[in-house]
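Quick notes on the structure that follows.
The first residue of the sequence shown is numbered 1, and numbering continues consecutively from there.
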Amino acid sequence: MKISGAEAVIRCLLAEGVDLIYGYPGGAIMPVYDELYKFQDQLHHVLVRHEQGATHAAQGYARATGKVGVAIATSGPGATNLVTGIADAQIDSTPLVCITGQVGRHLLGSDAFQETDIIGISTPVTKWNFQVTEASQIPEIIAKAFYIARSGRPGPVLVDITKNAQFDEFEFSYEKCTGIRSYVPVPKLNLDKVAEAAALINSAKKPLIVFGQGIILGQAEEEFKAVIEKSGIPAAWTILGLSALPTDHPLNVGMLGMHGNYAPNLLTNECDVLIAFGMRFDDRVTGKLSTYAKQAKVVHFEIDPAEIDKNVKTDIAVLGDVKESLAALLPLLDAKSHDAWRNQFTELSNIEFESVIKEELNPTNGKGISMGETIEMINKHSKGDAIIVSDVGQHQMFACRYAKFNSTKSNITSGGLGTMGFALPAAIGAKMGKPEREVVAIIGDGGFQMTIQELGTIFQTEVPVKIVVLNNEFLGMVRQWQELFFDNRYASTKMINPNFIAIAEGYYIKSKKVTQREDLDAAVAEMLASKDSYFLEVVVEKENNVFPMIPTGACVSEIRLS
């Protein structure tokens, strides 16, 4: 059938199983929106209040569901406003397809109204991008976009479509992409390498597993759990790996990295074999690379060859799909318990509890409400079944450290890019993707104001997201560094905040403010019992710090408890 390029875009999305997209209309994408209007009973469009919100909402949807998130915007500022979310998705391996409108082909390079070279701008932060200048290119390019976004190590793809390509007609047909010449998204598993890895793991006296989001992206949670339970090896997680293994699993020894748990950080430099699954050894996990796990043999299970030896030199690299790799590894492992080694984790965890956690979760110092006790109160009422979407800052570290999770895809946060403003729109996407689950956004007062306009999206769509703003009237993480490393010079970190309750109520969102500890329990219970969206502001201690902490440039074994 002969149809316009604009209609082809919609039919391509439907063929890929897309039923929900986030976006903001404008001149250069208007033909697509006109067709979207005609297909609105099949393809639901969510009007965000800023294009950045579209990409973050699409990220939240993708992270909660495992599907490809879709965002759409016009040319020029509409397209450039997507870039922060695209960059966030790239470093956190989130599958997105972003579609942008562009000026007509005859105007390209002429500095036409709202013309921007979005292909050049987005190249460093996309897995792939392409500019469509003819309508007949649309089916093949969109098919490739979805294949590339979801295959192998996922990531964001951008398709820029000139206005003439949206108007022109052509004979439409669609075929899903199943492969691209020279693109090998999943390396073939080398079973000899798996056997080598198994032999080294079996010989270890003090093995430690570190795992990241690769377990979740590879849908390998059950295989991973079987491996650690058979091998008896303690397992520690990166913040994006959080929720791949239930929080209360006896072999879950906690969080790695700068504000991670005491035991896994210290014992990284005492283990004899370090086994990494689906993680990239980023600087927040490793600290000073020249001193990281130098005593250990390193085994790295990874889908992306570029990550092997990039930061940490490996002794055995097992490339391939992690689900397949774990299934091949399991029968080769000896059943062990490593009791003495695991006892070291327990002893150090007890030290951390007495020095840090006990006071954080049950403050006795006469100070105000702590972030940690707020997270613990959410645990009490959610029973570990909620999806927690956290923003970036101190509250993010408290949420990752103290939130409880029973099931996978439950922790959604901005990891590699550290994007303030991520949580509110991402929570919208997560709730729309998983309407049957409770979704709670944990946000600081600084990050909240970066995308506060998305309260309008919540109001218009009636999506029942629960929002908790932990208000300490500071840019808390920066302030903590200023206190510890800049002699208390609080340069531009004190926040003079508006009346958040009045703003939430202006969007007709039920809201409550808690300033006293004795009111926290009932307020959290009321929030989680609500069938509608709910805004809860908790005024927390202004100068509370998150510990433990590894100072920048320090070794993981130099972790500080205070």
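Between Pro246 and Asn252, the closest heavy-atom pair is O-ND2, 3.2 Å. Minimum heavy-atom separation, Leu13 to Ile99: CD2-CD1, 4.1 Å. Here the closest heavy-atom approach between residue Ile216 and residue Glu221 is recorded as CA-OE2, 3.5 Å. Scanning all heavy atoms of the two residues, the minimum distance from Gly26 to Thr74 falls at C-OG1, 3.4 Å. Of all the heavy atoms in Leu96 and Gln59, the pair that sits closest is CD2-N, 3.8 Å. In plain terms, the two heavy atoms of Ala220 and Val322 that are nearest each other are CB-CG1, 3.7 Å.
The closest side-chain donor-acceptor pair between Ser390 and Thr413 falls under 3.5 angstrom. Defined by atom type and a distance below 3.5 Å, a donor-acceptor pair is missing between the side-chain atoms of Thr84 and Gln52. With 3.5 Å as the limit, one finds a donor-acceptor pair spanning the side chains of Arg479 and Asn545. For the residue pair Asn497/Gln449, the side-chain donor-acceptor check at 3.5 Å is satisfied. The closest side-chain donor-acceptor pair between Arg280 and Thr238, if any, does not fall under 3.5 angstrom. Remark: the Ser151 side chain and the Tyr183 side chain contain an N/O donor-acceptor pair separated by less than 3.5 Å.
A distance of 5.5 Å separates CD1 of Ile121 from OG1 of Thr116, quoted to the nearest 0.5 Å. Put simply, CG on Leu266 and CD on Glu558 are 10.5 Å apart, with the number rounded to the nearest 0.5 Å. Taking OG1 of Thr94 as the start and CD1 of Ile86 as the end, the distance is 12.0 Å to the nearest 0.5 Å. One finds the CD1 atom of Ile180 at 5.5 Å from the NZ atom of Lys144 (value rounded to the nearest 0.5 Å).
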Working for salt bridge (charged side-chain N to carboxylate O under 4.0 Å, His left out), residues Glu302 and Lys310: CA-CA 12 Å; Glu302 175 59 46; Lys310 186 177 82 174; over 6 Å; no
Pair Val356-Tyr262, side-chain contact (heavy atoms from CB on, under 4.5 Å): steps then yes or no: CA-CA 10 Å; Val356 177; Tyr262 195 49; over 6 Å; no
Audit row: Leu319, Asn190, side-chain contact (heavy atoms from CB on, under 4.5 Å) steps and yes/no: CA-CA 7 Å; Leu319 284 168; Asn190 184 331; over 6 Å; no
Derivation and outcome, side-chain contact (heavy atoms from CB on, under 4.5 Å), residues Asn472 and Asn544: CA-CA 9 Å; Asn472 60 5; Asn544 189 30; over 6 Å; no
Trace of the side-chain contact (heavy atoms from CB on, under 4.5 Å) decision for Val299 with Asp315: CA-CA 6 Å; Val299 182; Asp315 294 278; 6.0 Å; no
Candidate pair Lys225 and Glu222, rule salt bridge (charged side-chain N to carboxylate O under 4.0 Å, His left out), full reasoning: CA-CA 5 Å; Lys225 186 180 173 199; Glu222 290 305 313; 5.0 Å; no
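Proximity of a side-chain donor or acceptor of Asp304 to a complementary backbone N or O of Ala306 within less than 3.5 Å is detected. Listed for the Asn269 side chain is a donor-acceptor partner under 3.5 Å among the backbone atoms of Thr291. With Lys431 contributing its side chain and Val439 its backbone, the two residues share no donor-acceptor pair below 3.5 Å. Judged purely by atom type and a 3.5 angstrom limit, Asn379 has no side-chain atom pairing as donor or acceptor with the backbone of Gly384. Of the possible donor and acceptor atoms, none in the side chain of Glu454 sits under 3.5 Å from a partner among the backbone N and O of Leu424. Using modelled atom types, no side-chain atom of Arg489 and backbone atom of Gln482 make a donor-acceptor pair closer than 3.5 Å. Judged by distance alone, with hydrogens and angles left aside, the side-chain atoms of Ser370 form a donor-acceptor pair with the main-chain N or O of Glu360 at under 3.5 Å. Judged by distance alone, with hydrogens and angles left aside, the side-chain atoms of Asp272 form a donor-acceptor pair with the main-chain N or O of Lys206 at under 3.5 Å. When atom types are taken as modelled, the side chain of Asp445 and the backbone of Glu473 share a donor-acceptor pair closer than 3.5 angstrom. In this structure a side-chain-to-backbone donor-acceptor pair under 3.5 Å is present from His259 to Pro548.
The one candidate from Ile387, Leu240, Asp92 that meets the side chain to side chain contact (heavy atoms under 4.5 Å, CB included) condition with Ile412 is Ile387. A side chain to side chain contact (heavy atoms under 4.5 Å, CB included) with Ile559 is found for exactly one of Thr268, Ile550, Asn261, namely Ile550. Applying the side chain to side chain contact (heavy atoms under 4.5 Å, CB included) test between Ile239 and each of Gln213, Met258, Gln396 identifies Gln396 as the sole match.
Residues Val298 and Phe281 form a side-chain contact, since some pair of their non-hydrogen atoms from C-beta on lies under 4.5 Å apart. When side chains are defined from C-beta on, Trp237 does not count as touching Leu245, because their heavy atoms never get closer than 4.5 Å. Using a 4.5 Å heavy-atom threshold, the side chains of Val83 and Ile118 count as touching. No side-chain heavy atom of Val125 sits less than 4.5 Å from a side-chain heavy atom of Ile91. Using a 4.5 Å cut-off on side-chain heavy atoms (C-beta onward), Ile388 and Ile378 make contact. The shortest side-chain heavy-atom distance between Leu484 and Arg560 falls under the 4.5 Å cut-off. Under the 4.5 Å side-chain criterion, counting only non-hydrogen atoms from C-beta, Val48 is not in contact with Ile428. Residues Glu352 and Ile357 meet the side-chain proximity criterion, which asks for heavy atoms closer than 4.5 Å.
The neighbour count for Phe474 CZ, taken as heavy atoms of other residues, nucleotides or ligands under 6.0 Å away, is above 12. Within 6.0 Å of NZ on Lys494 lie more than 12 heavy atoms contributed by other residues, nucleotides or ligands. Enclosure of atom NZ in Lys297 is not indicated, since only 12 or fewer non-hydrogen atoms of other residues, nucleotides or ligands lie within 6.0 angstrom. Within a 6.0 Å radius of CZ in Phe486, other residues, nucleotides and ligands contribute 12 heavy atoms or fewer. Residue Arg284 qualifies as open at atom CZ: its count of foreign heavy atoms under 6.0 Å is 12 or below. Within a 6.0 Å sphere centred on CD of Gln219, heavy atoms belonging to other residues, nucleotides or ligands number 12 at most. Around the NZ atom of Lys323, the shell of radius 6.0 Å holds more than 12 heavy atoms that belong to other residues, nucleotides or ligands.
Under the 30°/60° scheme for interplanar angles, the aromatic rings of Phe485 and Trp481 are found to stand perpendicular.
Remark: Ala236 pairs with Val253, Leu256, Pro264 by the side chain to side chain contact (heavy atoms under 4.5 Å, CB included) rule, at least two apart or across chains.
Separation of the Phe224 and Phe301 ring centroids does not fall under the 6.0 Å cut-off.
Salt bridge Arg153/Glu307: present, at least one basic N to carboxylate O contact under 4.0 Å. For Glu16 and Arg150, the salt-bridge test passes: some basic side-chain N is under 4.0 Å from an acidic carboxylate O.
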